[in-house]
Amino acid sequence: MFHIWCLTSTMMYFTAGVEVTILFRQWHVTTVGGLIGSVIGIFILAMLYEGLKFFREHLYRRNASTIQYATVAVTGQSNNSGVTEIQKVTRNKMMSVPHLIQTLLHVVQFVISYFLMLMFMTYNMWVCIAIALGAGAGFFLFGWKKATVVDVTEHCH
């Protein structure tokens, strides 16, 4: 008969202790210095994660501004009088360098986001605070560059 023994017990509550295993068995912190170093590294990772999101958006906007557009005439259905509007259309290519770069950066962003989630799930208060503050600092540093659209016809404020 097989007995399955859990070698480590997973705590499902927040702790403020020094001892924590982060992502890998080899990343087992037992000292205050080790925890401080880990928290600084996690803070930087969370900050860079936010930077990566805005960098991908920047690359997308830059690529979209260099796309060659074709003009297409759309005929009117209601009065059969001919052309009613002109629209610009582009065909994106799946096998293009910008799409490949975006795909690779998406994979990196995906992996980092899950690493951060798993680190948060250690329920170590210091690790969780580092992730939250790192994400906030990253948004502060990179978020101001985010493109915003303001609707000047909106009067509900």
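Predicted model only: the values in this text are computed from it and were never measured.
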If every non-hydrogen atom of [X] is compared with every non-hydrogen atom of [Y], which pair is closest and at what distance?
X      : Y      : result
Phe55  : Leu105 : CE2-CD1, 3.9 Å
Glu50  : Ala135 : CG-O, 3.4 Å
Thr21  : Thr122 : O-CG2, 3.5 Å
Ile42  : Met119 : CG1-SD, 3.5 Å
Ala130 : Ala46  : O-CB, 4.5 Å

Exercise for review: List the steps, then state whether salt bridge (Lys or Arg N to Asp or Glu O under 4.0 Å) holds for Glu57 with Arg61.
Suggested key: CA-CA 6 Å; Glu57 184 177 313; Arg61 279 194 317 263; 2.8 Å; yes
[X] [atom1] to [Y] [atom2] distance, which is reported to the nearest 0.5 Å:
X      : Y      : atom1 : atom2 : result
Ser113 : Leu118 : OG    : CG    : 9.5 Å
Met12  : Met121 : CE    : CE    : 6.0 Å
Ile36  : Ile40  : CD1   : CD1   : 7.0 Å
Phe43  : Met47  : CZ    : CE    : 5.5 Å
His28  : Ile22  : NE2   : CD1   : 10.0 Å

Review point. For the ring pair Phe139 and Phe54, is the centre-to-centre distance below 6.0 Å?
Key: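 Yes: the rings meet the under 6.0 Å criterion.
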Check your understanding: Can you hop from Leu104 to Ile112 via hydrophobic side chains spaced under 4.5 Å?
Key ->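 Different hydrophobic clusters.
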Review point. Are Leu100 and Phe110 linked, directly or through other ILVMFWY residues, by side chains that come within less than 4.5 angstrom of each other?
Key: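 No, it is not one cluster - the side chains of Leu100 and Phe110 are not joined through contacts under 4.5 Å.
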Does any non-hydrogen side-chain atom of [Y] lie less than 4.5 Å from one of [X]?
X      : Y      : answer
Tyr60  : Arg56  : no
Leu45  : Ile131 : no
Glu19  : Val29  : no
Thr15  : Met125 : no
Leu48  : Ile44  : yes
Phe120 : Met117 : no
Val108 : Leu52  : yes

Practice item. Check whether any side-chain N or O of Asn124 sits under 3.5 Å from a backbone N or O of Phe14 as a donor-acceptor pair, and report yes or no. Key: no
Check your understanding: Checking Trp126 side chain against Leu35 main chain: does a donor-acceptor pair fall under 3.5 Å?
Key ->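 No, because the side chain of Trp126 does not come within donor-acceptor range (under 3.5 Å) of the backbone of Leu35.
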Review point. Between Trp27 and Ser38, is any side-chain donor less than 3.5 angstrom from a side-chain acceptor?
Key: yes
